[in-house]
Structures are given as structure tokens and as C-alpha cells.
Engineer: 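This structure is in C-alpha cells; I'll ask about it shortly.
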Amino acid sequence: MQIPKPLDPAVAIKSALPDAIADIKEFRGETTLIINREHIVAVAQYVRDTPGLIYTFLSDISAVDYYPEASRPERFGVSYHIYSLLYNRRLRLKVFVPEDDTTVATVTGVWPVANWLEREIFDMMGITFSGHPDMRRLLMPADWDGHPHRRDYPLGYETIQFSFNIEEILKHKPLAKE
Amino acid sequence: MAIQIPDSEAQEFKWEGSLDELKGLVSERAMTGETMLLNMGPHHPSTHGVLRLLLELDGEEIVTCMPDIGFLHTGIEKNIESKTYEKAVTLTDRMDYLSPISNNMAFCLAVEKLTDLDVPARAQLIRVTCLELQRLSSHLVWLGTHAIDLGAMSVFLYCFREREKILEMLEMLSGQRMMGSYFRPGGVWRDITPDFLPTLRAFLDIIPAKIDDYEALLTRNPLWIDRTQGIGVVEPEVALAWGLSGPTLRGSGVNWDIRKAMPYSGYEQFEFNVPLGEHGDVYDRFYCRILEMRETVKILEQAYARLLKEPAGIFRSNNRKFVPPPRAELGQSMEAVIHHFKLWTEGFSAPDEEVFVSIESPRGEISCYLHGTGGTKPRRVHFKTPSFIHIGALPVMTNGHLIADLVAIIGSIDCVLGDCDR
């Protein structure tokens, strides 16, 4: 079987989906394609299936919160780290998510492994993935307040329960009551 | 459902929850009570920590398996955001407590990539030695616990005997048996001690025969083969789609080892093979790891030969903007005092950019995503850990099998819950 020649992902995506790429960045030999949020599933599908790209392996999805600086276009960034076993190279797709509409379309249809990775981001950052089959909290308890990995969420501790403050604590934990 | 509650309590018992949140996750038959929902764990000896599995059972057959994790979540990633880069290494030890050195490695590589810090060749060699020792010790724990789950008690005792020798060697290097935080950005904490190399030699002399012993107990044991062959089969395409990595992926016959594909820390200078499975079942994953232990011994032999030529020397970068000066320099150089003070109070700064590195841990691909702020603390660090991905893919392997086989499958993916929940 003849292996098709590797394509430059940025050029290939630009020719197939002209509106998808907002920016291209290089840092320490890593390529980041900044994708417009509404195109992420189309781009994911394209880079997985196009001969010459074949990014079959999703290594990681990670989210970052740029609060309180306004150094980036939007508050949140979601990075998809994908890998092509055939051509042995990595690529990062990144979308920026505004604070007032924290929704991204899910890529579970493209890479099933995204299921738990997206649930973890929902749990930790409060970014919802539309179309996800099971958008529940993963690591934190189901009745937890807030999303711990946001930069405006303080590094706190669990209040120690005493008889004088148990009522106050249980107000925040509806599921803890027997 | 048939839950027997004594009459006096029955009056008070009022369950306010609902099964609605399980709709779509379990089959319709569970809603009518035709199949049974059963909790396995979180305190089950075969779940290797605190993994809770909600099983939907038809008789003894698993219809659906829903892993529930988070019992060991300790907020390590959040804590790292408030630590300087050097101090954060200590926290990464606590994730995968059976191979802390791999976690150190992933984090240190990310920091070195973000700050463009060099690592001397000899430091890389010491790192490879430690990583491979750790791989061997982690595989020994896996083999022992996997066998004990399936009823072979004695293997566990033999494996832990050899593992103890490895932990003693790591203690010589870092002062701790486990969680030594031996790797630091720019190299390792201190040079290898004079008694390390003779101990390593003695260990390398005995370990091949010990691996033969484990194999004699299991590899051709008909009971072992009955319990493992044809169980938990994963096709190569499915394995890739579900993001499996490490021996769990290679058991399905996919040739992907990050040490070979994208070498880090000088792995390209070592000769070793990547063992592959064929059927993707529990037995193939088991045998892949056994063969991998032998390859690890090969790498250790080469590393030993190279370390023997240079038993003492440079073990950490000389870039004083990132690496604190040795104690002896402090009495002689004002520059050294300034660097010492700056590095231990403020730490070093890293650019406001993101990097991604991944390494081959004993369990699979562990990757670190690191985003700097321009200051001395990271904005975000995220570890993708193999156990997390493998437990997420458990339903693919378990559905249609018996509960007893589930125990074999959990053992074969080699999950560590500290690694999973972080």
C-alpha cells in the first residue's frame, strides 16, 4: 500500500474550510492552529480522515483560563492535542471560548476518547460541550459549587464540620443528606 | 426492587433521588427491574484503590459498566498553580504513586521545554536509568496484584521481594524509597552515590532469572490461560479511537512506543525492541508487559555500562538563571549568593506560552500541558494520565463478559487510581 505524502495541516485546512483558521502560532517547534469555535468539529473530522493528515489519536484536551488578564481574544482556551501515528507528528488545535457563552461542540463523534476528557473540563472549568452524550461532573462531587480550575476560584479547603456549622455546610451540599 | 428493610426503619426511609440521571446510560431493561444494578467498589480489593463501578447485570453477565471516579481527587493541578516550578515537582510525585519518577519526568520535560533549559547528557543518562528502574518496579507491582486478583498468591510475594531491591536503589539516589522528587528542572537533584552502581550490577545479575521464575508460574499455566485468553478483547482501531496507550495499546498489536517514536532524554541511543501483542486480550497485554520487563533490563545494562565509564560528573545544568548554585560556591561568589537568593525566594520565570510533552510511563502515555504566565508560577498545568483514559475505556472491554472476568480486565489495564484522579 502506498502511503500518501504528508500535507501541511494549515494549508490543507485553509483550502478545504476557508473560514476555519483564525491564526497560526509556532512555539518551541509546536504548531498551534487557532480555530474559530463554530468550526471545531468540521476541522476535527477533516484532519482525522483526510489522506496526508490522518490524525487518528487524540492525546489530550486541556482548558486554560486567562482571567484576569485580557491578553487573549477570549477568557478561556481549549486545546486539542492530536497525534498522527502514520506520520509521527503532533498538532494542537485551539479554540477560544468567551465568558458569557461557554459552549463548544463536542468531538466525541470524532474521537470517542474525548468523552471523559470533555467531562473533566466541564467539571473543572465550566465549559459545556454541546451534543455530549453524558455531560455530568466527573471528579468533583455531583453537588459541588463552582468550577475549581477557574482562576477566580480560590485555592481553599473543605470547612471542618462541627455541630454549630453543620447546617450551614449542608446547605451547599444537597446530596450529602441521608 | 427487593431491598429488605426492617419495619421500624421502613417508616423513616424515604429515598429522594431518582434513576433519571441514569437514563440513556443503562439499558431500558434496568428501568423495569429486569436487569440488576450493582455497585462494585469503591472498597473492593480488586479495584486497585478506590474505583467504583456501577454494573448493570443480566445474571452474571455485564450489560453496562459505568466507572465512577474522583474518590482520590486531590487537586494537584490546582495546587501547582500556586507553586513555583521547582517546588511543584514534589506534588507530581503523588499522582501515580507506583511510578512517581515518570510523573517527575513529564513535568520536568515540560518546564525545560517552556524555558528552553538544557539538560546535560550525563543527567539524561541518569534519568533514563531511574525511569527504567521505575518501570520495572511498577510492572512488578502490576504483575503481583494482577496475579493475586486471579488467585495466584505466590507471584505477589516474589514480585514485591524484587521490587524492594529497586526501591532501595532509588533510596540511595534520592533519600526516599518512593516519591523522592529526584528529577528537577535541568537535571537531577544530586549525583549518583558510589554504592549505587555495584548495587545495580548485583540487581541486574539476578533479575533475568527472576523474570523466568514469574513466567514459570504463569505464562504456560493452564489456569492462567483459561482466565485470560479471549477476555477483554480490544481491536486495534477501537484501541486507538479510545486513546489507549502503552502496553494496553501494544497488546492489540499497534506499534507505538513514545520512547521509539519521539525519543526524549536520549532514548534514541539505546537499543531495545517494542514487544507487540496479537489478539488484544488480557493475556496479550500480560505477555507484552513481561517482555517489556526484559527489554527494560536490556536498557539498564546499556545504561550501566555507560555510567560505569563516568561514575561521577555533571548531573545538572549549569544555567544559573534556573538552577541554584552548589553550596560550595556560596562562600566564594557574590553572584552565586544572588542566584541562590533569587531562585529560592522567587523562583525562575517562564514565558506566557503553552507547551505539551508526553512520555512513555509504565502505564502508557502520560502527557503534561503547561501554560506559563510570564511570572514564576504556571497558569495551568494539566496531566493526561493513562489510567484516566484506560478506566474511561473500560466499558468497551467489559461489556458482555462475566463479573469474574471484569477483575482480570481491571488488572490488565494496570490502573492506579491516584494517577486517574490526580
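By convention in this document, chain letters (A, B, ...) are assigned in the order of the sequence lines, proteins followed by strands, and residues within each chain are numbered from 1. Any value given below was found using the heavy atoms of this structure, including those in side chains, with hydrogens, waters and symmetry copies removed. Computed from a predicted model, the values in this text were never measured in an experiment.
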Engineer: I'd like to know which of B:I391, B:V396, B:D68 tops the heavy-atom pair count under 4.5 Å against chain A.
Structural biologist: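 Of the options given, most contacts go to B:I391.
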
Engineer: Non-hydrogen atoms of chain A under 4.5 Å away: do they reach the side chain of B:P67, the backbone, both or neither?
Structural biologist: both

Engineer: Going by an N to O cut-off under 4.0 Å, is there a salt bridge joining A:R72 and B:D352?
Structural biologist: yes

Engineer: Above 12 or not: heavy atoms from other molecules or residues under 6.0 Å from NZ of A:K14?
Structural biologist: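 No - once you tally the heavy atoms of other residues, nucleotides and ligands closer than 6.0 Å, there are 12 at most.
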
Engineer: Please find the pair of heavy atoms, one from A:S59 and one from B:E365, that lie closest to each other, and give the distance.
Structural biologist: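 Closest approach of A:S59 to B:E365, heavy atoms only: OG-OE2, 2.9 Å.
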
Engineer: So do the side chains of B:F383 and A:D60 get within less than 4.5 Å of each other, counting heavy atoms only?
Structural biologist: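 Result no, sub-4.5 Å side-chain heavy-atom pair not found.
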
Engineer: List the atom of B:L244, the atom of A:F57, and the distance in Å for their closest heavy-atom pair.
Structural biologist: O-CE1, 3.3 Å

Engineer: Identify which part of A:H81 has an atom lying under 4.5 Å from any heavy atom of chain B, answering side chain, backbone, both or neither.
Structural biologist: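 Side chain of A:H81 only, per the 4.5 Å heavy-atom cut-off to chain B.
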
Engineer: Determine the minimum heavy-atom distance between A:S62 and B:H382, stating which atoms define it.
Structural biologist: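 Shortest heavy-atom separation between A:S62 and B:H382 comes out as CB-ND1, 3.5 Å.
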
Engineer: Tell me, side chain or backbone of B:A393 under 4.5 Å from chain A's heavy atoms, or both, or neither?
Structural biologist: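 When you check distances to chain A, no heavy atom of B:A393 falls under 4.5 Å.
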
Engineer: What residue in A:V110, A:L58, A:T32, A:L85 has the most heavy-atom pairs under 4.5 Å with chain B?
Structural biologist: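 Sorted descending by pairs with chain B, the first entry is A:L85.
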
Engineer: What pair of heavy atoms forms the shortest contact from A:D65 to B:R379, and how long is it?
Structural biologist: O-CD, 3.6 Å

Engineer: Side chain from CB out, backbone as N, CA, C, O: work out which of these in B:F71 comes under 4.5 Å of a heavy atom of chain A, or both, or neither.
Structural biologist: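 Looking at B:F71, nothing touches chain A.
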
Engineer: Flag the pair A:L138 / B:F388 as yes when at least one side-chain heavy-atom distance between them is below 4.5 Å, and no otherwise.
Structural biologist: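 Side chain of A:L138 against side chain of B:F388, heavy atoms only: contact under 4.5 Å found.
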
Engineer: Is there any salt bridge (charged side-chain N to carboxylate O under 4.0 Å, His left out) pair reaching into residues 120-133 of chain A, and which pairs are they, with sequence neighbours excluded?
Structural biologist: A:E120-B:R422, A:D123-A:R137

Engineer: How long is the span from the CZ atom in A:R28 to the CG atom in B:D116, to the nearest 0.5 Å?
Structural biologist: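 Rounded to the nearest 0.5 Å, the CZ-CG separation comes to 4.0 Å.
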
Engineer: Could you check whether atom CD of B:E268 has more than 12 heavy atoms from other residues, nucleotides or ligands sitting under 6.0 Å from it?
Structural biologist: yes

Engineer: Which bit of A:A63 is near chain B, if near means a heavy-atom gap under 4.5 Å: side chain, backbone, both or neither?
Structural biologist: backbone

Engineer: Kindly indicate whether the side chain of B:I389, heavy atoms from C-beta on, has any atom under 4.5 Å from the side chain of A:W116.
Structural biologist: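 The answer is no; the side chains never approach within 4.5 Å.
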
Engineer: Which region of B:P378, side chain (C-beta onward) or backbone (N, CA, C, O), has a non-hydrogen atom less than 4.5 Å from a non-hydrogen atom of chain A, or is it both or neither?
Structural biologist: backbone

Engineer: Before you tell me yes or no, could you show the steps for B:E77 and A:M124 under side-chain contact (heavy atoms from CB on, under 4.5 Å), namely the whole-Å CA-CA distance, both residues' side-chain angles and the distance that decides it to 0.1 Å?
Structural biologist: CA-CA 10 Å; B:E77 290 169 8; A:M124 294 298 166; 5.9 Å; no

Engineer: Please classify the contact between B:V254 and chain A as side chain, backbone, both or neither, with a heavy-atom cut-off of under 4.5 Å.
Structural biologist: side chain

Engineer: Could you pull out the closest heavy-atom pair between B:E354 and A:E30, with the gap in Å?
Structural biologist: O-OE1, 3.8 Å

Engineer: Which bit of A:Y83 is near chain B, if near means a heavy-atom gap under 4.5 Å: side chain, backbone, both or neither?
Structural biologist: side chain

Engineer: Sort by residue number and list every residue of residues 86-96 of chain A having at least one heavy atom under 4.5 Å from chain B.
Structural biologist: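 When heavy atoms of chain B are the reference, residues 86-96 of chain A contributes A:N88, A:R89, A:R90, A:R92, A:K94 within the under-4.5 Å range.
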
Engineer: With chain A as the partner, which of B:N79, B:V355, B:V238, B:L240 has the greatest number of non-hydrogen pairs under 4.5 Å?
Structural biologist: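 Top count of heavy-atom pairs under 4.5 Å with chain A: B:V355.
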
Engineer: Against chain B, label A:I61 side chain, backbone, both or neither, depending on which of its atoms sit under 4.5 Å from a heavy atom there.
Structural biologist: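 The answer is the backbone of A:I61.
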
Engineer: Can you find a heavy atom in the side chain of A:F27 that is under 4.5 Å from one in the side chain of B:P351?
Structural biologist: yes

Engineer: Please test A:L155 against B:K78 for side-chain contact (heavy atoms from CB on, under 4.5 Å), starting from the C-alpha separation and ending with a verdict.
Structural biologist: CA-CA 7 Å; A:L155 182 65; B:K78 181 79 179 172; 3.6 Å; yes

Engineer: Below 4.5 Å from any heavy atom of chain A, which atoms of B:T115 appear? Answer side chain, backbone, both or neither.
Structural biologist: backbone

Engineer: For the residue pair A:P112 and B:A241, what are the closest heavy atoms and their distance?
Structural biologist: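 Taking every non-hydrogen atom into account, CD-O, 3.3 Å.
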
